[in-house]
S.K.: 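Okay, handing you the structure first.
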Amino acid sequence: MRGLLKLIIGLAVLLGLLVGADRIAVGVAQDEAADRLVSTGKISGRPKVSIDGFPFLTQAVAGRFDSVRLSGEGVTVSGGREKVPLRSFSMQLSGVEVGSGYRSATVHSGSGSGVVSYGDVARLVSGTEQIELSYAGPGEVGASVGGMPVGQGSVHSKGDTITADGFRLGGLGALLNGAANGLLGPRSFTLTDLPAGLSLESATPEPDGLKLTFHGSDVRLVG
């Protein structure tokens with residue numbers, strides 16, 4: 001009986017050591033993955049990387065991770081001339097396969113989201129430096145000049161291009177009429193340097209900014 005107890009205790013200690021080693025290994029791998037993503041230019045800013053699943057070591061040996069999550073506040077997107085922060089950034093990557101020596105990584109499918117403030121959206125839209133944008137209801141953005149509302153319009157996307165158009169004059173805009181029409185014509189910008197090589201899926205006006213969602217499949221993440 002005493003021998004059996006010693007065996008159980010020994011196995012428990014060994015299991016604890018293995019679990020500890022597994023958690024240390026996953027922590028090192030997550031830090032290395034974050035650095036690698038930044039160095040390859042697949043994502044701007046250093047994201048937090050979380051590798052899901054247990055044990056980590058068996059996934060590492062197999063060279064395939066079922067689920068990897070990215071998040072952070074230092075990620076940016078570009079509209080060509082300007083780079084702006086992508087706040088509340090999060091991304092879910094499924095089926096991440098890594099090559100020999102982790103010199104390559106391919107994602108079977110991925111999705112994510114982030115929010116661009118309306119102030120930054122105005123910076124991305126060419127020729128609207130004097131216009132302030134704000135939330136105006138589902139699918140709608142409002143436009144103001146000097147804090148005075150002039151109208152509102154809709155936002156939609158095609159590919160990686162986001163367009164605000166269909167502005168209807170109201171308030172000060174109704175009084176300015178022709179001048180406001182010139183300010184509120186269709187405005188577009190095309191996003192580049194999207195995180196992790198994904199593509200834009202939608203752009204949705206929300207109270208705190210324009211929410212961008214991304215998707216992609218069979219994306220080469222590294223290498």
Side-chain angles (χ1 to χ4, degrees), residues 16-117 120-121 123-124 159-160 162 189-203 208-223:
L17 291 173
L18 290 174
V19 170
D22 189 85
R23 295 301 88 192
I24 292 173
V26 73
V28 171
Q30 289 171 166
D31 286 341
E32 177 64 25
D35 292 338
R36 185 69 63 89
L37 284 171
V38 174
S39 67
T40 57
K42 289 294 185 178
I43 194 167
S44 58
R46 191 178 189 277
K48 177 182 178 182
V49 178
S50 300
I51 300 175
D52 298 327
F54 179 82
F56 161 77
L57 291 173
T58 57
Q59 297 184 81
V61 171
R64 179 183 173 87
F65 302 96
D66 293 333
S67 176
V68 177
R69 291 175 289 119
L70 309 179
S71 61
E73 296 294 333
V75 177
T76 63
V77 292
S78 173
R81 300 181 309 161
E82 298 271 2
K83 283 188 176 181
V84 299
L86 188 62
R87 297 183 292 110
S88 303
F89 166 74
S90 65
M91 186 163 289
Q92 180 76 45
L93 307 177
S94 301
V96 181
E97 297 187 11
V98 297
S100 175
Y102 292 84
R103 288 186 291 270
S104 66
T106 302
V107 178
H108 176 67
S109 64
S111 62
S113 66
V115 176
V116 177
S117 72
D120 287 331
V121 172
R123 289 172 55 198
L124 291 174
D160 291 338
I162 299 172
F189 60 92
T190 299
L191 292 174
T192 59
D193 302 324
L194 295 181
L198 301 185
S199 300
L200 182 68
E201 183 175 38
S202 67
D208 57 344
L210 195 63
K211 182 178 181 179
L212 309 181
T213 60
F214 310 98
H215 78 288
S217 57
D218 299 324
V219 176
R220 182 169 290 276
L221 193 59
V222 176

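In what follows, every heavy atom counts, from backbone to side chain, and hydrogens, waters and symmetry copies are set aside. For the single chain, residues carry numbers from 1 onward in sequence order.
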S.K.: Working to the nearest 0.5 Å, report the span between CZ of F214 and OG of S199.
M.R.: 10.0 Å
S.K.: Before giving the answer on side chain to side chain contact (heavy atoms under 4.5 Å, CB included), spell out for I162 and V121 the whole-Å C-alpha distance, their side-chain angles and the decisive distance to 0.1 Å.
M.R.: CA-CA 10 Å; I162 299 172; V121 172; over 6 Å; no
S.K.: For a quick test of reading the model, state the closest non-hydrogen atom pair linking V107 to S94 and the distance between them.
M.R.: CG1-O, 3.8 Å
S.K.: Distance check, rounded to the nearest 0.5 Å: E32 atom CD versus L37 atom CG?
M.R.: 10.0 Å
S.K.: Taking only residues two or more places apart in sequence or in another chain, which ones pass side chain to side chain contact (heavy atoms under 4.5 Å, CB included) with T213?
M.R.: S113, E201, S202, K211
S.K.: Please confirm whether the backbone N or O of D31 pairs with a side-chain atom of R46, one donor and one acceptor, at under 3.5 Å?
M.R.: yes
S.K.: Taking atom NE2 of H108 as the centre, report whether more than 12 heavy atoms of other residues, nucleotides or ligands fall under 6.0 Å from it.
M.R.: no
S.K.: Kindly write out the residues that satisfy side chain to side chain donor-acceptor pair (under 3.5 Å) with Q92, not counting sequence neighbours, or none if the list is empty.
M.R.: S67
S.K.: Check salt bridge (charged side-chain N to carboxylate O under 4.0 Å, His left out) between R87 and all other residues, then give those that pass, not counting sequence neighbours.
M.R.: none
S.K.: Do you know which of V75, I43, V77 makes side-chain contact (heavy atoms from CB on, under 4.5 Å) with L194?
M.R.: V77
S.K.: My understanding is that only one of F65, F54, F56 makes a side-chain contact (heavy atoms from CB on, under 4.5 Å) with V26; could you say which?
M.R.: F56
S.K.: Write down the atom of L212, the atom of A203, and the distance for their closest heavy-atom approach.
M.R.: CD2-CB, 3.9 Å
S.K.: Using every non-hydrogen atom in the two residues, find where M91 and A196 come nearest and quote the distance to one decimal.
M.R.: SD-CB, 3.7 Å
S.K.: First locate atom OG of S50, then atom CG of L93, and finally report the distance between them rounded to the nearest 0.5 Å.
M.R.: 11.0 Å
S.K.: Mind listing the closest non-hydrogen atom pair of K83 and T76 along with its distance?
M.R.: CD-OG1, 4.3 Å
S.K.: Apply the side-chain contact (heavy atoms from CB on, under 4.5 Å) test between V96 and each candidate in V219, I51, V68, T106; give the one that qualifies.
M.R.: V68
S.K.: Using every non-hydrogen atom in the two residues, find where D52 and Q59 come nearest and quote the distance to one decimal.
M.R.: O-NE2, 3.2 Å
S.K.: So which atom in D120 and which in P85 form the shortest heavy-atom distance, rounded to 0.1 Å?
M.R.: OD2-CD, 3.3 Å
